[in-house]
Amino acid sequence: MTGSAARTLPYIYAFMGIVLAWQMVVVFSGAHVAILPPPLLAAKSFVELIASGELFKHIGTSLGRVLAAWTIAAVIAVPLGLMMGRSSRFERIADPVIELFRPISPLAWIPLAILWFGIGESGKIFIIFVATFFPIVLNTVAGVKGVDPVLIRAGQVLGCDDGATLFRKVILPAAMPNIVVGFRISFGTGWAAIIAAELVAAQSGLGYLIADGMEILRSDLVLVGMVVIGILGVLIDTVFRIILRAFSWT
Amino acid sequence: METQAKPVEIRDLEMVFNTSRGEQVRALQPVSLEIAPGEFVALVGPSGCGKSTLLNILAGFLTPTGGCALAGGEPITRPDIDHGMVFQDYALFPWLSVIDNVAFGLERKGIAKADRLKQAQNYLELVGLGEFAQKRPSELSGGMKQRVALARVFATDPSIIFMDEPFGALDALTRRFLQHQLLEIWQRHKKTIVFVTHSVQEAIYLANRIVVMTARPGRIKIDQEIELSYPRVYTEAKFRNYEKLIYDQLDEELAKTFDFESKGVVRD
Ligand SMILES: Nc1ncnc2c1ncn2[C@@H]1O[C@H](COP(=O)(O)OP(=O)(O)OP(=O)(O)O)[C@@H](O)[C@H]1O
Ligand SMILES: [Mg+2]
């Protein structure tokens, strides 16, 4: 109990510090409320959005999109990473392709996503997919290649006669902590990409809340969207860290 | 149930490594050795002379560049659960509990779960770790880890056990305890053992035959029977004589190694 309190306290202090700095900027700059509303106004909008249930709708939509994209990414990226980690010949072919695509921001995919998938759900999921795919591939490859060779030998001499058994009983479990780290990082990058994804003709979602707030000059809504993304990001990461602990052996 | 001990034959075994920089490193000169079923052979020699290389070929991890090795008359081409191996750095599976580590090979042998857990527990008790069955390897000391590794290899009841400096990193007391355990298993279950060690004393204490290798590239310098009855006593005069004999051989090789190194001849 004290442990979790000790871990959450810094976040609460950071939050209070940010709100304080925000209030001071508002007071000293005298910014117009449409440009930078005071924290209290943003809090009021936040409460209103909660009371009307609208905020939960946005959160649900965004989370659903990230979850869908992340699941698809995992289903493709884990096997790909496993193959790349095991076969250096396959890695030599696949790695340059991946390295060429990796620096391209999910934002850059927006036009093609619209052309290919239209303005429905699939285009948005595709953009988040781009953001979630690479961390999983790279961490899976690192995990497989990082397996201690002596564990592979131990597996072989303890009766893992064929490649498939060795893979299932030794390589996969040994690489698992890295793969889960990939899942964690990738959910984070996917979550950060909802803004990009929901720039594309969205009707709801936290990214939509922000984009829409900008259009109707409601910067309080923009700020609520940003704060919620930040807080939920931390919460999701915490969940992953707990999962990760189950996979760490040390 | 009891497996028959196997002979090991090594015929003109050679090993040349190609390094990533394109150089060739000769690790083994042609080595020939016949090990009878149930023998306990200790392999000693200067560091880098090719002891691990030889053991890794025998265990089926490396393919020699010349000659061949046979176990029970069959050429060794790949690792085999009947040829156990104990590694210097334990090689326990960190994601498995201690008992699951010990039961790992038993599962591969197709033994039912209840049976293999029971057998694994018995072997854990043999090495004095009965109470640690549910721990993870990371919760154990180095000596305890090596005891788990021993239990793991004993549990699969291999007819040959290869051991590469298994007790090298252990404290004197744990080492003594495990030496006793190993001798008991060897005598009771008639296994063929090839044991690499840096300790001449350990070699004489355990083995019925000591093979001294030359400095790299290794070949066999002497092949010495140890005609002492078990349990052996370090302080006995005969024990001391063997010690002197082996040390004299090793000193010759050490002198060569240092001589080479100071002249830079060792890098070929
Ligand atoms: N994969 C490899 N590639 C290149 N050279 C190697 C390789 N493995 C071993 N060698 C070289 O072969 C020689 C013998 O190595 P080996 O590990 O068998 O020695 P060792 O007798 O076990 O030494 P130690 O007592 O220090 O463990 C060394 O010079 C080593 O550098
Ligand atoms: Mg060695």
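All chains are named by letter (A, B, ...) in the order of the sequence lines, taking the proteins before the strands, and each is independently numbered beginning at 1. Values in this document were obtained by computation on a predicted structure and should not be read as measured data.
Annotation for A:Phe46: atom CZ does not count as buried by contact number, only 12 or fewer foreign heavy atoms lying within 6.0 Å. The 12-atom threshold is exceeded at CZ of A:Arg241, counting heavy atoms of other residues, nucleotides or ligands nearer than 6.0 Å. Around the CZ atom of A:Phe101, the shell of radius 6.0 Å holds no more than 12 heavy atoms that belong to other residues, nucleotides or ligands. Residue-environment remark: CZ (A:Arg168) exceeds the threshold of 12 foreign heavy atoms within 6.0 Å. Within a 6.0 Å radius of CE in A:Met83, other residues, nucleotides and ligands contribute more than 12 heavy atoms.
The two residues A:Gly159 and B:Arg108 make their nearest non-hydrogen contact at O-CD, 3.5 Å. Nearest approach of B:Phe93 to A:Val170, heavy atoms of both residues: CE2-CG2, 4.0 Å. Nearest heavy-atom pair across B:Ala91 and A:Ala154 is O-CB, 3.8 Å.
Ranked by heavy-atom pairs under 4.5 Å with chain A, the first of B:Ala155, B:Pro94, B:Gly105 is B:Pro94.
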* **Worked verdict on B:Trp95 versus A:Leu172 for side chain to side chain contact (heavy atoms under 4.5 Å, CB included)** => CA-CA 11 Å; B:Trp95 58 90; A:Leu172 196 58; over 6 Å; no
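Contacts of B:Leu92 with chain A are made by backbone atoms alone, with heavy-atom separations under 4.5 Å and no side-chain atom involved. Interface remark: B:Glu107 contributes side-chain atoms only to the contact with chain A (heavy atom separation under 4.5 Å). Looking at B:Arg152, both its backbone and its side chain come within 4.5 Å of chain A, counting heavy atoms on both sides.
Residues A:Arg153 and B:Phe87 form a side-chain contact, since some pair of their non-hydrogen atoms from C-beta on lies under 4.5 Å apart. Contact of the A:Val150 side chain with the B:Gln88 side chain is not registered, since no non-hydrogen atoms from C-beta on lie closer than 4.5 Å.
Taking CG of A:Asp161 as the reference point, atom CZ of B:Arg78 lies at 5.5 Å (rounded to 0.5 Å). Here the straight-line distance linking atom CG of B:Asp80 with atom CG of A:Leu158 works out to 11.0 Å at 0.5 Å rounding. Taking CD1 from A:Ile152 and CZ from B:Phe61, the interatomic distance works out to 11.0 Å, rounded to the nearest 0.5 Å. With rounding to the nearest 0.5 Å, the separation of CZ in B:Phe104 from NZ in A:Lys169 is 6.0 Å.
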